[in-house]
Amino acid sequence: MARKKKTLTTGFGMPVDNDLNSVTAGVKGPVLMQDVHLVDKLAHFDRERIPERVVHAKGAGAYGYFEVTHDVTKYTRAKFLSQVGKQTEVFLRFSTVGGEKGSADSERDPRGFALKFYTEEGNYDMVGNNTPVFFIRDPLKFPDFIHTQKRNPATNLKDPDMFWDFLSLTPESIHQVTILFSDRGTPRSYRHMNGYSSHTFMWYNAKGEYCWVQLHFKTEQGIQNFDRQEAEHMRGSDPDCTTRDLFEAIEHGDYPSWRLEVQIMTPEQAQDYRFDPFDITKVWFHADFPPMDVGRLVLNRNPENYFAEVEQAAFSPGNFVPGIGPSPDKMLQGRLFSYHDTHRHRLGPNYHLLPVNAPKACEMQNYQRDGSMRLDNNGGGDPNYWPNSFGGPNPDPKAAPPPIDVSGMAARHAYELGDIDFEQAGALYSRVMSDEDRAHLIDNIVSHLSGAQKRLQLRQTALFFKANADYGERVAKGLGLKLDEVKRLAKMSQEERVRATAG
Ligand code: NDP
């Protein structure tokens with residue numbers, strides 16, 4: 001069918017007579033201010049950019065559905081998980097973390113895995129990563145950490161000294177560093193990686209009984225990564241390779257899918273577990289908490305407009321539904337504030353009304369009014385206060401999560417660094433990785449860490465040695481460091497090590 005011819009108009013609907021020639025006084029100009037079409041066109045263009053996300057700036061997204069495959073009603077009363085076979089629409093945004101909006105997709109970096117479920121009880125967001133752990137476990141360190149992953153304030157260059165200085169002063173990062181410098185730090189595509197909640201969350205059932213959970217979305221495409229040489233090559237030859245891969249796969253009907261597994265810990269088990277189960281630098285060992293199947297996620301629809309749907313997509317780990325709640329994880333608590341805050345800055349106070357962010361399977365009803373870019377009818381003539389006697393929406397006490405017991409002295413409590421903080425990096429190196437994984441890990445680290453000052457190389461290599469002696473020895477050899485010096489540093493407390501490498 002022939003497409004109906006459309007008339008070009010201004011933003012206000014007035015037909016435009018000519019879009020090639022500005023209104024000028026005579027053939028040679030100058031241009032006249034009365035050309036309001038020209039002025040409007042230039043002025044809108046001048047304002048096309050919105051602030052880039054401070055992290056996760058470069059991303060790609062798609063729609064799809066989540067289907068429940070196993071009964072989990074014993075653990076959660078979330079309605080979208082209430083029945084085997086039930087499907088819920090989702091939007092998933094993948095991203096790199098540290099790079100700018102135009103950075104290469106194959107950079108070594110964790111990958112974001114931010115998933116929005118449009119449920120009948122409101123939008124539930126799982127704002128995860130492709131790694132089950134994180135570099136730090138206190139949100140107070142987050143801005144500093146991110147600064148070190150970005151550019152040197154003087155040179156505007158990526159800076160291995162900043163990068164390794166911070167990490168070697170933050171030994172709890174060793175587990176995530178080991179994952180990041182394995183080839184999982186350069187996934188071949190967004191389809192070929194897992195997504196993890198990383199944080200612990202609360203699930204609670206209809207009786208108000210709760211448990212702690214960690215979510216794992218396991219790729220059904222299989223894990224595939226670039227090795228260092230391939231990743232470096234792709235940075236030049238196809239910097240948008242994973243964005244392209246996702247779009248083209250969905251366009252061709254090759255829909256990517258993930259299996260959702262959950263690990264479940266009772267409150268009693270959490271009290272006795274041999275480390276803090278809310279510490280995001282650690283996983284719960286599968287042998288202790290075997291993953292259980294929950295459902296399947298499929299992506300089957302590309303967005304129609306990148307800016308409207310992907311750039312303006314806004315996720316928050318604070319978007320819960322009844323049946324799912326936060327845990328005491330300190331990093332999570334920081335993120336509960338920061339995500340909404342950054343979206344208000346980036347998109348404005350009414351960002352939740354944008355189509356990609358608005359609830360789709362239920363109505364939003366509250367007493368928030370006004371603010372810039374209020375896109376809907378702003379509550380019309382309904383009451384704008386509560387309590388009211390005019391039939392306004394009322395809170396529903398049944399939506400309350402169960403109370404949990406928290407107590408303690410208010411203070412800036414430090415995590416005490418112990419051998420347990422090195423154990424999981426060591427387990428990954430010695431028990432999980434293949435010989436080839438280990439060889440690539442060492443090569444990836446040596447190639448990056450060799451750019452840092454020698455004292456930082458020594459301090460960081462001592463941490464690798466503490467995780468596993470062979471791991472530390474091979475990095476030391478690759479960097480040409482004296483093994484005795486690394487061993488001496490590894491024996492010291494972190495404070496002594498920092499003093500010994502102060503420069
Ligand atoms: P298991 O030995 O039962 O399983 C190993 C896990 O490690 C698998 O889930 C596998 O994911 C994943 N894995 C394999 N290679 C890498 C890599 N290069 N980087 C990150 N993850 C990788 O696990 P355990 O529970 O006994 O834990 C042992 C170690 O495994 C942990 O210290 C941790 O580093 C890692 N791990 C553990 C997870 C957990 O939740 N327990 C989750 C992810 C990693 P896949 O099946 O997709 O290949």
Side-chain angles (χ1 to χ4, degrees), residues 108-111 113 126 128-135 137 171-201 212-228 230-231 256-265 269-270 273-294 296-297 327 329 418-445 463-464 466-468 470-471 474-475:
R108 182 169 307 288
D109 211 353
R111 301 294 188 269
F113 190 100
M126 193 214 76
N129 279 331
N130 70 330
T131 58
V133 295
F134 199 60
F135 299 89
R137 49 193 169 189
E172 67 268 29
S173 62
I174 189 78
H175 191 190
Q176 175 79 327
V177 167
T178 304
I179 296 174
L180 181 66
F181 279 85
S182 77
D183 284 345
R184 291 201 181 196
T186 50
R188 186 169 287 274
S189 88
Y190 290 133
R191 296 181 298 131
H192 294 96
M193 60 181 215
N194 295 336
Y196 302 89
S197 64
S198 311
H199 298 291
T200 297
F201 289 95
W212 304 115
V213 300
Q214 296 210 342
L215 308 182
H216 308 243
F217 285 87
K218 304 297 273 289
T219 172
E220 293 191 322
Q221 291 66 243
I223 298 277
Q224 285 187 27
N225 303 308
F226 289 129
D227 64 26
R228 184 169 66 79
E230 285 172 321
S257 56
W258 287 259
R259 230 168 10 84
L260 172 59
E261 295 176 353
V262 66
Q263 285 180 290
I264 296 200
M265 186 185 283
Q269 288 171 318
Y273 201 39
R274 57 198 191 87
F275 54 81
D276 175 2
F278 307 116
D279 172 354
I280 194 178
T281 65
K282 299 191 176 55
V283 296
W284 302 349
F285 285 117
H286 288 150
D288 297 341
F289 300 95
M292 293 168 21
D293 285 321
V294 179
R296 189 163 175 265
L297 167 75
S327 77
D329 177 337
D419 287 346
I420 197 138
D421 292 309
F422 296 88
E423 180 187 317
Q424 295 197 347
L428 179 61
Y429 180 84
S430 63
R431 185 154 65 71
V432 177
M433 288 185 173
S434 65
D435 286 345
E436 187 185 28
D437 292 338
R438 281 188 281 266
H440 286 202
L441 171 73
I442 304 299
D443 171 66
N444 293 338
I445 290 173
L463 300 181
F464 294 132
K466 279 178 74 66
N468 179 282
D470 180 64
Y471 185 6
R474 288 172 71 181
V475 173

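We count ligands from 1, going down the list as the structure has it; atoms in each ligand are counted the same way. The chain is numbered in sequence order, starting from 1.
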Would you mind checking which non-hydrogen protein atom is closest to [atom], with the distance to 0.1 Å?
atom: atom 18 (N) of ligand 1; value: Ser182 OG, 3.3 Å
atom: atom 1 (P) of ligand 1; value: His286 ND1, 3.5 Å
atom: atom 21 (N) of ligand 1; value: Arg184 NH1, 3.6 Å
atom: atom 40 (O) of ligand 1; value: His216 CE1, 3.1 Å
atom: atom 28 (C) of ligand 1; value: Arg431 NH2, 3.5 Å
atom: atom 32 (O) of ligand 1; value: Gln424 O, 3.0 Å
atom: atom 29 (C) of ligand 1; value: Val432 CG2, 3.7 Å
atom: atom 37 (C) of ligand 1; value: Val283 CG2, 3.7 Å

When you compare the side chains of [X] and [Y], does any donor N or O come within less than 3.5 Å of an acceptor on the partner?
X: Asp288; Y: Tyr273; answer: yes
X: His192; Y: Ser189; answer: yes
X: Asp183; Y: His440; answer: yes
X: Thr281; Y: Glu172; answer: no
X: Ser430; Y: Tyr471; answer: no
X: Tyr190; Y: Asn130; answer: no
X: Glu436; Y: Ser434; answer: no

Original post:
Taking Arg137 as the fixed residue, which of Asp329, Asp279, Asp276 is the one that meets the salt bridge (Lys or Arg N to Asp or Glu O under 4.0 Å) rule?
Top reply: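 Passing option: Asp279.
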What atoms in ligand 1 come closer than 4.0 Å to a heavy atom of [X]?
X: Lys218; result: 9 (O), 46 (O), 47 (O)
X: Trp284; result: 39 (C), 40 (O), 41 (N)
X: Gln263; result: 40 (O)

Is it true that [X] lies under 4.0 Å from ligand 1, counting heavy atoms only?
X: Asp437; answer: no
X: Pro132; answer: yes
X: His175; answer: yes
X: Gln214; answer: no

**OP:** Among Lys466, Arg274, His175, find the one that has a side chain to side chain donor-acceptor pair (under 3.5 Å) with Glu423.
**Re:** Arg274
Subject >> For ligand 1, the portion of Val133 having any non-hydrogen atom under 4.0 Å away >> reply: neither
**OP:** Assess the pair Trp258 and Phe113: is the distance between their ring centroids shorter than 6.0 Å?
**Re:**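 Yes; Phe113 has its ring centre under 6.0 Å from that of Trp258.
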